[in-house]
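Below is one structure, written out as structure tokens; the observations come after it.
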2 protein chains.
Amino acid sequence: MNIGQAAEKAGISAKSIRYYESVGLIAQATRRGNNYRDYGDQEIAELRFIHRARSLGFSVKEVGDLLALWRDRKRASQQVREVAKRHIDDIERKIAELQSMRATLNTLVAKCHGDDRPDCPILEDLASGKPHCG
Amino acid sequence: MNIGQAAEKAGISAKSIRYYESVGLIAQATRRGNNYRDYGDQEIAELRFIHRARSLGFSVKEVGDLLALWRDRKRASQQVREVAKRHIDDIERKIAELQSMRATLNTLVAKCHGDDRPDCPILEDLASGKPHCG
DNA sequence: TTGATCCTTCCCGTTCTGGGAAGGTCAAGG
DNA sequence: CCTTGACCTTCCCAGAACGGGAAGGATCAA
């Protein structure tokens with residue numbers, strides 16, 4: 001199967017597949033006589049795995065770890081769980097940061113009358129140079 | 001005032017100040033005889049503004065827009081408010097996406113017993129190739 | 001044959017810095 | 001006066017994860 005078909009089946013772009021190959025996330029694809037990459041069911045399954053893991057926010061590096069665990073029939077599920085839990089922690093930190101920004105911004109937007117006059121509490125706040133989080 | 005002092009006062013690195021200058025976010029700093037950049041109160045105020053805006057998640061481009069409005073004594077506060085509201089929308093989209101990821105991951109982690117046995121619902125889910133959001 | 005649609009490699013651009021090299025400056029101390 | 005250390009300058013590389021697009025080869029349908 002050509003890379004284009006594989007990409008469509010896996011839900012990622014051909015560019016990304018080549019990228020994943022180049023950084024060693026997946027093995028070098030076998031080539032056919034015309035030098036085209038060739039993908040079979042196993043490769044498609046890996047690409048789908050990657051697609052799903054990426055869509056859950058795992059970095060390419062983390063996906064590599066998960067793939068290694070997936071390939072290892074003797075892994076301990078604890079290891080997988082740890083990777084996932086660390087990722088959840090990352091996500092929660094990001095959420096908290098974004099929520100904090102949102103709260104501040106909502107407050108500022110609420111204070112700004114938003115008409116054609118120039119005075120603006122939002123700009124005043126920014127100009128005050130308050131540190132946001134430290 | 002040297003760039004190092006300015007950086008400390010504004011809460012950003014000297015590297016970043018040079019970068020902001022290079023991309024036109026701030027004007028080229030005046031130079032002293034030794035070719036060192038020189039910063040005064042006005043420049044410090046701008047740098048602080050930038051620091052604060054960046055810490056609220058505005059992109060460098062958006063900070064440029066906000067700086068332009070700040071410098072324009074005849075701006076309409078409505079414009080500032082629009083920039084801020086668009087940014088809040090961005091943030092909310094990101095929060096929603098992260099929350100969705102977190103929910104899925106929490107479900108999976110809860111299903112995984114996390115011991116030394118190899119069977120793992122997390123890997124099974126990833127391998128199933130479910131699309132996450134479309 | 002021709003055109004359209006694949007595929008290949010290659011390099012550049014994105015965003016926002018951080019790291020570090022090579023070299024100029026300056027202030028203090030021996 | 002000389003050295004040492006802490007500044008400053010420019011410049012280039014790195015990262016994360018691709019997308020765009022060029023130049024050229026392969027395949028396929030009419």
Side-chain angles (χ1 to χ4, degrees), chain A residues 1-26 28-40 43 46-47 49-67 86-87 90-91 94 97-98 101 132-133, chain B residues 1-26 28-40 43 46-47 49-67 87 90-91 94 97-98 101 132:
Chain A
M1 180 182 302
N2 281 353
I3 196 171
Q5 305 275 319
E8 194 171 354
K9 279 209 177 190
I12 54 190
S13 71
K15 279 279 197 185
S16 294
I17 296 178
R18 292 193 197 97
Y19 172 71
Y20 295 148
E21 186 183 308
S22 80
V23 298
L25 187 62
I26 51 180
Q28 305 252 331
T30 58
R31 302 296 183 116
R32 293 206 310 250
N34 54 13
N35 197 33
Y36 285 14
R37 289 174 179 82
D38 193 19
Y39 298 90
E43 285 79 13
E46 288 204 352
L47 291 172
F49 182 103
I50 293 169
H51 173 56
R52 172 75 169 153
R54 292 283 299 131
S55 77
L56 287 174
F58 288 102
S59 71
V60 168
K61 165 93 178 52
E62 287 166 331
V63 175
D65 296 343
L66 291 170
L67 268 175
R86 271 197 300 274
H87 183 46
D90 285 351
I91 287 175
K94 283 182 198 166
E97 194 183 350
L98 290 170
M101 291 176 184
H132 174 239
C133 289
Chain B
M1 178 181 304
N2 281 354
I3 196 170
Q5 305 275 320
E8 195 171 355
K9 280 208 176 190
I12 54 192
S13 70
K15 280 278 198 186
S16 294
I17 296 178
R18 294 195 196 95
Y19 172 71
Y20 295 148
E21 184 185 308
S22 79
V23 299
L25 187 61
I26 51 181
Q28 305 252 331
T30 58
R31 302 296 183 116
R32 291 205 311 251
N34 55 13
N35 198 33
Y36 285 14
R37 288 174 179 82
D38 193 20
Y39 297 91
E43 285 79 14
E46 288 205 351
L47 291 172
F49 182 103
I50 292 169
H51 172 56
R52 172 76 170 154
R54 291 283 299 133
S55 77
L56 287 174
F58 288 103
S59 71
V60 169
K61 165 93 177 53
E62 287 166 332
V63 175
D65 297 343
L66 291 169
L67 269 174
H87 182 46
D90 285 352
I91 288 176
K94 284 181 196 167
E97 194 182 351
L98 290 170
M101 291 176 183
H132 175 240

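Note that these values count all heavy atoms, side chains included, but never hydrogens, waters or copies made by symmetry. Protein chains get the first letters and strands the later ones, always in sequence-line order, with residue 1 at the start of each.
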Would you tabulate the pairs of protein nitrogen or oxygen atoms and nucleotide nitrogen or oxygen atoms of nucleotides 13-15 of chain C closer than 3.5 angstrom?
none

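Across A:S55 and A:R52, no two heavy atoms sit closer than the pair OG-O, 2.8 Å. Of all heavy-atom pairs between B:S13 and B:A7, the closest is C-CB, 3.9 Å.
Between B:R31 and A:Y20, the residue whose closest nucleotide on DNA chain D is further toward the 5' end is B:R31. The 5' end of DNA chain C is approached more closely, in terms of each residue's nearest nucleotide, by A:Y36 than by the other of B:N34 and A:Y36.
In this structure, B:M1 atom CE and D:dC8 atom P are separated by 12 Å, rounded to whole Å. Regarding B:N2, its CG atom lies at a distance of 7 Å from the C1' atom of D:dC7, rounded to whole Å. With rounding to whole Å, B:R32 atom CZ is found 13 Å from D:dT9 atom C1'. In this structure, A:Q5 places its CD atom 12 Å from P of D:dC28, rounding to the nearest Å. As rounded to whole Å, 12 Å separates atom P of D:dC8 from atom CG of B:D38. Atom P of nucleotide D:dC18 and atom CD1 of A:I50 are separated by 10 Å, given to the nearest angstrom. If you measure from atom CD1 of A:I17 to atom P of C:dT9, you get 13 Å, rounded to the nearest angstrom. Computed from coordinates, the B:E21 CD to D:dC8 P distance equals 14 Å when rounded to whole Å.
The phosphate of C:dT17 (OP1 or OP2) has no side-chain N or O of B:S13 nearer than 4.0 angstrom. The phosphate of C:dG18 (OP1 or OP2) has no side-chain N or O of B:R18 nearer than 4.0 angstrom. A close approach under 4.0 Å does not occur between any side-chain nitrogen or oxygen of A:R37 and OP1 or OP2 of C:dC7. Contact between the side-chain N/O atoms of A:S16 and the OP1/OP2 oxygens of D:dG19 is found at a separation under 4.0 Å.
The line from OG1 of B:T30 to CZ of B:R37 is 10.5 Å long, rounded to the nearest 0.5 Å.
Each of A:I17, A:V63, A:V60, A:L66 was compared with A:I50 under the side chain to side chain contact (heavy atoms under 4.5 Å, CB included) criterion, and only A:V63 meets it.
Side-chain contact between B:N2 and B:E8 is absent, with no heavy atoms from C-beta onward closer than 4.5 Å. Between A:M1 and A:K9, some side-chain heavy-atom pair lies under the 4.5 Å cut-off. B:R31 places none of its side-chain heavy atoms less than 4.5 Å from the side chain of B:D38.
Not a single donor-acceptor pair, N or O on each side, falls under 3.5 Å between the base of D:dG15 and the side chain of A:K61.
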